[in-house]
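No hydrogens, no waters, no symmetry mates; every other heavy atom, side chains included, goes into these values. Just so you know, these numbers come straight off a predicted model, no measurement behind them.
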Amino acid sequence: MYQDKMAIMQVLGCILKNPLLLADSSKYELTNDDFPEKFHKIIFGAINNLYSDGTEVINEVNIDGFLKEYDIQYAIFNDNDGIEYLYRIQELAEEGNFDYYYKRLKKFSLIREMDGLGFNVKELYNDEIIDPKEKEEMQKQFDQLSIEDILKFYETKMIEVKDKFKANSESQGVQAGEGVSELLKRLKESPDIGVPLNSESLTSIFRGSRKKKYLIRSAITGGGKTRHSVADACRLSATHLYNTETKNWEENDFNEHTVVISTEMLFEELQTIAIAYISAVDEEKILYNDLTEEENKRVELAAGILEKSPIWFEQLPNFNVKDIEQTIEKNVILNKVEYVYFDYIHSSVKVFSEMAKASGIGLREDQILLLMSIRLKDICNKYFVYLMSATQLNGEWKEAWQKGSVIDSTFIRGGKSIIDKADGAMIILPISKIEKKDIEEILKKGFHKPPNYVTHIFKNRGNRVDKAKVFSYVDMGTMRIQDLFVTNTDNEVINIKKLIVKPKKKEEEPVEQFDF
C-alpha cells in the first residue's frame, strides 16, 4: 500500500490541534481518499464532521463520543487503540511542518490514484525494493518530485502513447493529378489571396493575410511590434475608420474576426493604440488629453466603434506553448477568430520548464525559440488561421544597419533557424543614413513625403518577390502607413503589381450605424 505513516500522523495530529487548517480550502484540500487505511479514514472523518458541525475544541474525548454512535467504526477505532493513538499524534504533530507533510500525503494519494488507473507507478515509487542503498536513492528522487512533476510525468506518458498510435495519421498520398481540375476551378472562382495587411505594398508582396500562413515581423526593442499587430487587426475588424484625406468616417470594407495576444502590454495600452488607429488621432494626444474639440469627438466615436468591432485582446505575461494554443483555440471556437497576432516569440519561465521537461534535457534558448516557432506553424495549420508573430533582433543589427548591409535572418535574436517554418519574414527598421542618401534621386522624382521606416523582406515562400525593401512613412502615433516605393536590396526601385483585395460577399449581421 502506497502511503507514508509519518505524513498521515503529522497531518491528523496538526488538524486535531488546529482544526482551522481545514478552513483554508484554497490551500489545503483533504478527503477520505488521502487516508488509505480504514482506521485513519475514521479519525479524519470524525475530526472533519465535528469541525463542520461547529465544534470549537476537538480532542480525543469528543472524537470518542462522536464515534460511539457508529458501531462498526467505533469497533475499528478501539481495535487500533484509538484513544492512545490520538494522544500520540498530538504529541508528535509540528504545525510548522504541516505544509511539508500535507504535500507528501497528497503525493502518495496521487500515486495510489495513478496505480488504480493502471499506470506503472513503480517507475516513480517502488515499495518492493529491498536493497537499502537502492531504496534510499529511490526515496531521495521521489522526495524531490512535486505533485506537478508527477502529473507531468504521466501526461508525457499519455502523449507518447498518443503519438505512437497517431504517428503519420495525417500522412496520405495521391496520384499527382488527383483533384487538379477542382483545384483550377476553385482558384478561378477564388484566387489564393488573403485579406489586406495594414500596408498596401506588403499586401501585394505577400498576397495578403492568407489562412494557414505564418508570418514573422521583427523589430528592435520598442520598435512597434505590438503596435503593428493592433493596427493590422483594426484594419480588418474595426467597423469604421476615419479617412484623413476625405475627413470623413467610412465603413470598413472588411469585417473579419481577429485576436491580438500580448505578452507585455496591458489591455488599456492596446486599447489606446486601437483608438488612435481608428480615429487617426495621435495616441500621445489621447494619453495626455491634449485634444481639440474635433479630435475629442473622433476619439469618442472610435471608442464606440472599438466596442462593437470583432477584435479581441488577450494577455499572456508568463506563458508556454500550451497556453498560446489554448488561447487561440478559445478564440477560434468562441469568437470565430480567423486572424491571430501573437506579439512576439521569446522565452519565459514556463516555456523553459515545458520544453525542458518534454525533451528530458537542458535546451539552449535558441533551441527553445526554434521549437516554439515550429509549434506556432503547427497551430496555424491546425486551426486554419492566419498567424502573425515577431521576434527581437540580436545585438549585431545596428552595425549592419549603419553600414548599409543586407538585413535578413542573420540578425534575428535566437538564430535565423526561427524563421525556417515561417511562410514569410521581414524586419522593420528606421531608415538609415546610407538609405537616405541612396534614395535622394528617387525622392526628386515626385515622392513628397520622405520615408522614415524600411521593411526588409527576406523570406516570402511561394511568391515572386522574396527579397525586397519597402520604404514607408509610418505615423507611430496612429499606426497609419503610407507606402512610398519598393526597392531591391541595393536600393534600386522595382515595380510591384498593386494587389487590390475586395471582400468576399457573405451574409452577416448588419453593422451598427454610427451618427457621425
**Message:** Run the ring-ring contact (aromatic ring centres under 6.0 Å, His included) test against Phe342 and tell me which residues pass, sequence neighbours left out.
**Reply:** Phe319
**Asked** Do Ser204 side-chain atoms and Glu200 backbone N/O form a donor-acceptor pair below 3.5 Å?
**Response** yes
**Message:** Between Glu29 and Lys106, does any side-chain N to carboxylate O distance fall below 4.0 Å?
**Reply:** no
**Asked** Is Arg235 salt-bridged to Asp232, cutoff N-O under 4.0 Å?
**Response** no
**Prompt:** Can Glu441 and Lys444 be counted as an ion pair, charged N to O under 4.0 angstrom?
**Reply:** yes
**Message:** Under a 3.5 Å cutoff, is there a donor and acceptor pairing between the side chains of Tyr344 and Glu264?
**Reply:** yes
**Message:** Set out, in order, the CA-CA distance, both residues' side-chain angles and the distance that settles side-chain hydrogen bond (donor to acceptor under 3.5 Å, both in side chains) for Ser309 and Ser237, then state yes or no.
**Reply:** CA-CA 6 Å; Ser309 299; Ser237 304; over 6 Å; no
**Message:** Once rounded to the nearest 0.5 Å, what's the spacing between atom OG of Ser201 and atom CD1 of Ile496?
**Reply:** 7.5 Å
**Request:** May I ask you to decide if Lys285's main-chain N or O and Asn289's side chain share a donor-acceptor pair within less than 3.5 Å?
**Result:** no
**Prompt:** Hey, what do you get for OG1 (Thr221) to NZ (Lys225), rounding to the nearest 0.5 Å?
**Reply:** 5.5 Å
**Message:** Please enumerate all residues that pass side chain to side chain donor-acceptor pair (under 3.5 Å) together with Asn491, with sequence neighbours excluded.
**Reply:** Asp438, Lys469
**Item:** Sidechain N-carboxylate O distance under 4.0 Å for Asp99, Lys103
**Value:** yes
**Message:** Is it true that, when you exclude Asp290 itself, more than 12 heavy atoms of the residues, nucleotides or ligands shown sit nearer than 6.0 Å to its CG?
**Reply:** yes
**Asked** Less than 4.5 Å apart, any side-chain heavy atom of Ile428 and any of Ser218?
**Response** no
**Asked** When you measure from the side chain of Lys107 to the backbone N and O of Phe142, does any donor-acceptor pair fall under 3.5 Å?
**Response** yes
**Message:** So, using side chain to side chain donor-acceptor pair (under 3.5 Å) as the criterion, who are the partners of Tyr277 when residues are at least two apart?
**Reply:** Asn198
**Residue Lys122 excluded, over 12 heavy atoms near NZ under 6.0 Å** = yes
**Message:** For the CH2 atom of Trp249 and the NE2 atom of His240, what is their distance to the nearest 0.5 Å?
**Reply:** 9.0 Å
**Straight-line distance of Lys436 NZ to Ile434 CD1, nearest 0.5 Å** = 12.5 Å
**Prompt:** Do side-chain atoms of Asp466 reach the backbone of Asn460 as a donor and acceptor pair under 3.5 angstrom?
**Reply:** no
**Pairwise distance CZ(Phe471) to CG(Asn452) - rounded to 0.5 angstrom** = 11.5 Å
**Message:** Keeping Asp475 on the side-chain end and Gly477 on the backbone end, is there a donor-acceptor pair under 3.5 Å?
**Reply:** yes
**Message:** Between Arg298 and Glu294, does any side-chain N to carboxylate O distance fall below 4.0 Å?
**Reply:** yes
**Prompt:** Are Arg461 and Asp423 ion-paired here, with the side-chain N under 4.0 Å from a carboxylate O?
**Reply:** yes
**Asked** Strictly by modelled atom types, are Tyr383 and Glu338 linked by a side-chain donor-acceptor pair under 3.5 Å?
**Response** no
**Item:** Check ion pair Lys403-Glu399 (N to O, under 4.0 angstrom)
**Value:** yes
**Prompt:** Does Lys421 NZ have over 12 foreign heavy atoms under 6.0 Å away?
**Reply:** no
**Asked** Side chain of Thr203, backbone of Gly208: donor and acceptor closer than 3.5 Å?
**Response** no
**Asked** If we only count heavy atoms from C-beta on, is the Leu202 to Pro196 side-chain gap below 4.5 Å?
**Response** no
**Prompt:** Residues two or more places apart in sequence or in another chain: which of them pass side chain to side chain donor-acceptor pair (under 3.5 Å) with Tyr214?
**Reply:** Ser373
**Side-chain heavy atoms of Leu376 within contact of Ile345, under 4.5 Å** = yes
**Message:** List the residues meeting side chain to side chain donor-acceptor pair (under 3.5 Å) with Gln482, not counting sequence neighbours, and say none if there are none.
**Reply:** none
**Flag, side chain of Asp490 to backbone of Glu492, donor-acceptor distance under 3.5 Å** = no
**Message:** Can you tell me if Gln402 has over 12 outside heavy atoms packed within less than 6.0 Å of its CD?
**Reply:** yes
**Asked** Any side-chain heavy atom of Ile412 sitting closer than 4.5 Å to one from Ile419?
**Response** yes
With a cut-off of 3.5 Å and sequence neighbours excluded, list every side-chain donor-acceptor pair involving residues 266-273.
{"residue": "Glu269", "atom": "OE1", "partner": "Leu266", "partner atom": "N", "Å": "2.6"}
{"residue": "Thr272", "atom": "OG1", "partner": "Glu268", "partner atom": "O", "Å": "3.4"}
{"residue": "Thr272", "atom": "OG1", "partner": "Glu269", "partner atom": "O", "Å": "3.1"}
{"residue": "Thr272", "atom": "OG1", "partner": "Glu283", "partner atom": "OE2", "Å": "2.7"}

**Asked** Does CD in Glu314 sit with more than 12 non-hydrogen atoms of other residues, nucleotides or ligands closer than 6.0 Å?
**Response** yes
**Item:** Atom NZ of Lys377 with >12 non-hydrogen neighbours under 6.0 angstrom
**Value:** yes
**Item:** Flag side-chain contact, heavy atom, 4.5 Å: Ile442 against Phe485
**Value:** yes
**Message:** Is it the case that the side chains of Asp343 and Thr263 hold a donor-acceptor pair, with the cut-off being a distance below 3.5 Å and no angle test?
**Reply:** yes
**Item:** Spacing of Ser472 atom OG and Ile481 atom CD1 [to the nearest 0.5 Å]
**Value:** 6.0 Å
**Message:** Between Asp253 and Leu236 (side chain of the first, backbone of the second, donor and acceptor by atom type, cut-off under 3.5 Å), is there such a pair?
**Reply:** no
**Message:** Tell me whether the count of non-hydrogen atoms from other residues, nucleotides or ligands lying under 6.0 Å of CD in Glu435 goes above 12.
**Reply:** yes
**From CA spacing to verdict: salt bridge (Lys or Arg N to Asp or Glu O under 4.0 Å), Glu329, Lys382** = CA-CA 10 Å; Glu329 181 181 38; Lys382 179 178 178 180; 5.7 Å; no
**Prompt:** Does a side chain donor of either Ser199 or Asp483 reach within less than 3.5 Å of an acceptor in the other side chain?
**Reply:** yes
